[in-house]
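Reckoned from all heavy atoms, side chains included, excluding hydrogens, waters and symmetry mates. Each chain gets a letter, A, B and so on, in the order its sequence line appears, and its residues count up from 1.
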There are 2 protein chains.
Amino acid sequence: MSKRPPITNRVKELREANGGLSQAALGEAVGVTRQTIIAIEQGRYSPSLETSFRIARLFGVGLEDVFGWEGD
Amino acid sequence: MSKRPPITNRVKELREANGGLSQAALGEAVGVTRQTIIAIEQGRYSPSLETSFRIARLFGVGLEDVFGWEGD
DNA sequence: ACGTCATGTCAAAAATTCTTTACACCGCGG
DNA sequence: CCGCGGTGTAAAGAATTTTTGACATGACGT
């Protein structure tokens with residue numbers, strides 16, 4: 001049952017905007033693996049709220065500056 | 001390894017502010033069970049971003065109006 | 001007293017997120 | 001040419017989220 005969640009994300013953009021942080025470096029910085037970052041960037045599943053918060057706060061922005069809800 | 005995530009929530013407040021919506025009714029409205037709502041309200045684990053978005057949007061507010069990051 | 005609704009707990013199963021490992025491709029510097 | 005960093009894919013398993021079902025309690029109305 002794991003469809004693609006109706007969620008958009010700007011992780012890749014933010015990574016590149018922050019001095020070209022690599023997926024591996026981002027993962028390490030927020031405490032998840034590179035695979036997890038890849039899956040999130042590709043929207044393969046909906047991350048946990050905790051992981052989402054960690055990513056947003058690392059970039060110093062709000063949750064909705066990183067993740068969007070399709071159909072707003 | 002499932003500790004309590006550093007996340008706060010105002011689900012109960014919002015439920016009561018919206019005409020006393022019950023946990024069961026909220027669950028049904030966002031497509032999860034009553035158990036899930038109870039667990040989220042009690043902060044027993046960090047919900048998926050999708051579930052979080054559905055709850056916030058049902059109340060017509062943003063993600064961070066419902067969930068907060070401890071240590072901001 | 002009885003029934004019902006709302007909340008809560010417990011436990012086990014199902015589904016999803018996350019990890020680990022391994023391999024592949026591309027662009028670039030040496 | 002070769003090595004290396006960065007990205008991508010795949011699959012198995014661990015960990016976490018969510019479901020299902022059962023039972024308990026207090027509040028409330030009849």
Query raised in the report: Nearest 0.5 Å, what's the OG-CZ distance between Ser46(B) and Arg54(A)?
Result: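 One finds 9.0 Å between OG of Ser46(B) and CZ of Arg54(A).
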
Which whole-number value in Å describes the distance from [X] [atom1] to [N] [atom2]?
X: Tyr45(A); N: dT19(C); atom1: OH; atom2: C1'; result: 9 Å
X: Glu28(B); N: dC5(C); atom1: CD; atom2: P; result: 13 Å
X: Arg54(B); N: dT17(D); atom1: CZ; atom2: P; result: 18 Å
X: Ile40(B); N: dT9(C); atom1: CD1; atom2: P; result: 15 Å
X: Leu26(A); N: dG5(D); atom1: CG; atom2: P; result: 18 Å
X: Lys3(A); N: dA15(C); atom1: NZ; atom2: P; result: 15 Å
X: Leu49(B); N: dT18(D); atom1: CG; atom2: P; result: 11 Å
X: Asn9(B); N: dT17(D); atom1: CG; atom2: P; result: 14 Å

OP1, OP2 of [N] versus side-chain N and O of [X]: anything below 4.0 Å?
X: Thr51(A); N: dC18(C); result: yes
X: Thr33(A); N: dT20(C); result: no
X: Thr36(A); N: dC18(C); result: no

Under 4.5 Å between any side-chain heavy atoms of [X] and [Y], yes or no?
X: Phe59(B); Y: Leu21(B); result: yes
X: Glu64(A); Y: Trp69(A); result: no
X: Asn9(B); Y: Ile55(B); result: no

Query raised in the report: Base, sugar-phosphate alone, or nothing: which one does Gly31(A) contact when heavy atoms must sit under 4.0 Å apart?
Result: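 The residue Gly31(A) makes sugar-phosphate contact but no base contact.
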
Query raised in the report: In degrees, rounded to 10°, what is the bend between the two ends of the helix from dA1(C)-dT30(D) to dG30(C)-dC1(D), using five pairs at each?
Result: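 Inter-axis angle at the termini of the helix from dA1(C)-dT30(D) to dG30(C)-dC1(D): 30°.
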
Query - Test side chain to side chain contact (heavy atoms under 4.5 Å, CB included) applied to Leu49(A) and Phe53(B), step by step - result: CA-CA 10 Å; Leu49(A) 191 53; Phe53(B) 257 123; over 6 Å; no

Query raised in the report: Passes side chain to side chain contact (heavy atoms under 4.5 Å, CB included), Glu50(A) versus Ile7(B)? Steps please.
Result: CA-CA 7 Å; Glu50(A) 183 170 1; Ile7(B) 295 176; 4.1 Å; yes

Query raised in the report: Which of the following nucleotides, dA6(C), dT7(D), dT18(D), is nearest to the side chain of Ser22(B)?
Result: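 Nearest listed nucleotide: dA6(C).
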
Requested in this report: Decide side chain to side chain contact (heavy atoms under 4.5 Å, CB included) for Leu58(A) and Asn18(A); before the verdict, give the C-alpha distance in whole Å, the side-chain angles of both, and the deciding distance to 0.1 Å.
Outcome: CA-CA 10 Å; Leu58(A) 180 81; Asn18(A) 275 58; over 6 Å; no

Requested in this report: List the steps and the verdict of salt bridge (Lys or Arg N to Asp or Glu O under 4.0 Å) for Arg15(A) and Glu41(A).
Outcome: CA-CA 11 Å; Arg15(A) 253 190 326 110; Glu41(A) 284 191 0; 2.7 Å; yes

Would you tabulate the pairs of protein nitrogen or oxygen atoms and nucleotide nitrogen or oxygen atoms of nucleotides 8-13 of chain D closer than 3.5 angstrom?
from: dG8(D); atom 1: OP2; to: Gln23(A); atom 2: NE2; distance (Å): 2.8
from: dG8(D); atom 1: N7; to: Arg34(A); atom 2: NH1; distance (Å): 3.2
from: dG8(D); atom 1: O6; to: Arg34(A); atom 2: NH2; distance (Å): 2.8
from: dT9(D); atom 1: OP2; to: Gln42(A); atom 2: OE1; distance (Å): 3.4
from: dT9(D); atom 1: OP2; to: Gln42(A); atom 2: NE2; distance (Å): 3.1
from: dT9(D); atom 1: O4; to: Gln35(A); atom 2: OE1; distance (Å): 3.4
from: dT9(D); atom 1: O4; to: Gln35(A); atom 2: NE2; distance (Å): 3.1
from: dA10(D); atom 1: N6; to: Gln35(A); atom 2: OE1; distance (Å): 3.3

Requested in this report: Evaluate the side chain to side chain contact (heavy atoms under 4.5 Å, CB included) criterion for residues Leu26(B) and Gln23(B): first the C-alpha distance (whole Å), next the side-chain angles of each, then the deciding distance (0.1 Å), finally the verdict.
Outcome: CA-CA 5 Å; Leu26(B) 170 57; Gln23(B) 294 174 331; 5.8 Å; no

